2 protein chains.
Amino acid sequence: MTRKVSASVEYESLAAEAYSIVRQRILRGDLAMGQIISRRKLATELGMSFLPVSEALMKLEFEGLLESRPRAGTRVRIPTVQDVQGHYIVREALEVQAARLFAAVATEDEKMELTRLAIRVDSLASQPDADRYHYLSLHEKLHRRIAECARCGALSEAIEKTHALASTWMCVGRHAEGQGPRRTHQDLIEKLCAGDTDAAAEGMRRHIVSSKDRAVQRLEPYFRIGATRGATYARSARKQMAPPAALAS
Amino acid sequence: MTRKVSASVEYESLAAEAYSIVRQRILRGDLAMGQIISRRKLATELGMSFLPVSEALMKLEFEGLLESRPRAGTRVRIPTVQDVQGHYIVREALEVQAARLFAAVATEDEKMELTRLAIRVDSLASQPDADRYHYLSLHEKLHRRIAECARCGALSEAIEKTHALASTWMCVGRHAEGQGPRRTHQDLIEKLCAGDTDAAAEGMRRHIVSSKDRAVQRLEPYFRIGATRGATYARSARKQMAPPAALAS
DNA sequence: GCGCGCATACTGATATTCCAGTTTCCCTGC
DNA sequence: GCAGGGAAACTGGAATATCAGTATGCGCGC
């Protein structure tokens, strides 16, 4: 028996359903960074045992969206500035590779499809009242399609895994800035479609690097929170760190 | 209560222990490609419930070492030629990035450490009777240290995840060829230490590409097995694909 | 002899239950 | 008023039992 959820989507397992729901909540912002997720409560809420929930959270932790400490809770990950910069270095490596392959093997139909997609993404980015999850989904799709058109399944998968994390950080404070209309993705696709692999790679590299800079800038307040957060564990940390008297001397 | 295993290593959880054991067995070759792993039997053998075993296998499936179909068994993954080529494309992207960073920021001490490591790796590679798991561990360590010296945790993690899979494929048929002594890793490290980032990147790119070519060549017989393997499921596949009579017309 | 169908013995998926470690917060003693 | 101790309520980890789908092998019918 398959279950149905809000959007009438069928999942092949309860774990897949839980994964999808939690991921969407994080990306939508319903679960803020640092917020604690209880497996029991979530399982009760979703009407399933907490085993599939546990499996889903494990997968999300593997992707870097969550962080958990044994027997002490799972929470939405608060990145450090090193995390964000490192993450974008990985993305740069993967997506530049994809851009290079794309420029070499993409068909005309695919190029047209991506051009249309880029227009929609840029259009949504300039609308301050656009649905956050909708924008992120479309943005992910654009980058995923580039990788798919590069005809390398392993690369698509790797990029897809990194994108969940990027999406989590992408929209933080985005609407607060009130940016004007941009053409960043249309410019990118134009370069990818020109046929010059080196130019495509350089275009993608700049795109990712500028994304990184904006992400670091927007996440700036959270870095302080992340640093402060450790303080709340001060007491237990002291407990843990206090060495046995015999070994201290 | 912590448990002990053969090598007297303590694990923080049963799942971590199971993960480590299964991973080692695959890399060592005790579990051949295509071999079916039963969670129940493995759990009994390891003296634990099959829940931590299940968790461990799930993680290995994430990393691409295993493949499972719901309710039909988990087996050691048999790659297609596309899998292998795609995998090395991802590795090329990541490790070239690491090489570039390494050339820019590594200290003299680190360079010396890696040179020594490279000598040991090349030395082991030329010994036909060397322990397979030992060689793979050392080889992984070399590449991991390059990433670590690049001062980017996210990149190190990404490379580490890809390496488990690469190791699985690396030793297949290695001893059968009877290669003479090589200096591939020493040459690589030399280029990385020269200080020229572009030259370092190019050196790593060539290293990965030549690894890919050798892997594809060695795995050649398995690609046929993988293609044949589907035949054993022909009957059930027919079952699945037969549409309900009412919908067929 | 060959192909199909069904019973059986597997597989993983899930629910329930219990256990051990962590965190929290109140309450006591100073 | 505040630091420290301790109990209670939380957390995730693991064990057991059960469910549902898949593969296989035997036997029946052609």
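Worth saying up front: this structure is predicted, and the values here are computed from it rather than measured. Each chain gets a letter, A, B and so on, in the order its sequence line appears, and its residues count up from 1.
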For this session: Kindly indicate, with the supporting measurements, whether the criterion side chain to side chain contact (heavy atoms under 4.5 Å, CB included) is fulfilled by B:Tyr88 and B:Val216.
Result: CA-CA 10 Å; B:Tyr88 276 91; B:Val216 169; over 6 Å; no

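- A salt bridge is defined here as a Lys NZ or Arg NE, NH1 or NH2 lying under 4.0 Å from an Asp or Glu carboxylate O, and B:Arg23 with B:Glu140 meets this definition.
- Under a 4.0 Å N-O distance rule, the pair A:Arg39/A:Glu55 does not qualify as a salt bridge.
- Terminal axes of the helix from C:dG1-D:dC30 to C:dC30-D:dG1 (five pairs each, C1' rotation axis) are separated by 10°, to the nearest 10°.
- Checking side-chain atoms of A:Gln35 against main-chain N and O of A:Ala32 turns up a donor-acceptor pair under 3.5 Å.
- Look at CD1 on A:Ile36: it is 15 Å from P on C:dT22, rounded to the nearest Å.
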For this session: Treat primed atoms plus P, OP1 and OP2 as sugar-phosphate and everything else as base, then score nucleotides 12-17 of chain C 5' to 3': B for base contact with protein heavy atoms under 4.0 Å, S for sugar-phosphate contact only, - for none.
Result: BBBBBB

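- Exactly one of B:Leu57, B:Leu46, B:Leu14 qualifies for a side chain to side chain contact (heavy atoms under 4.5 Å, CB included) with B:Pro52. That residue is B:Leu14.
- One side chain, B:Ser68 or B:Glu61, offers a donor N or O that lies under 3.5 Å from an acceptor on the other.
- Going from atom NZ of A:Lys41 over to atom P of D:dC10 covers 7 Å, rounded to whole Å.
- Residue B:Leu46 contributes atom CG, which lies 19 Å from atom P of D:dG13 at whole-angstrom precision.
- Side-chain polar atoms of A:Tyr19 and A:Gln24 form no donor-acceptor pair below 3.5 angstrom.
- Taking the ring centre of B:Phe50 as origin, the terminal cationic atom of B:Lys41 falls outside the region bounded by 6.0 Å and 45° from the ring axis.
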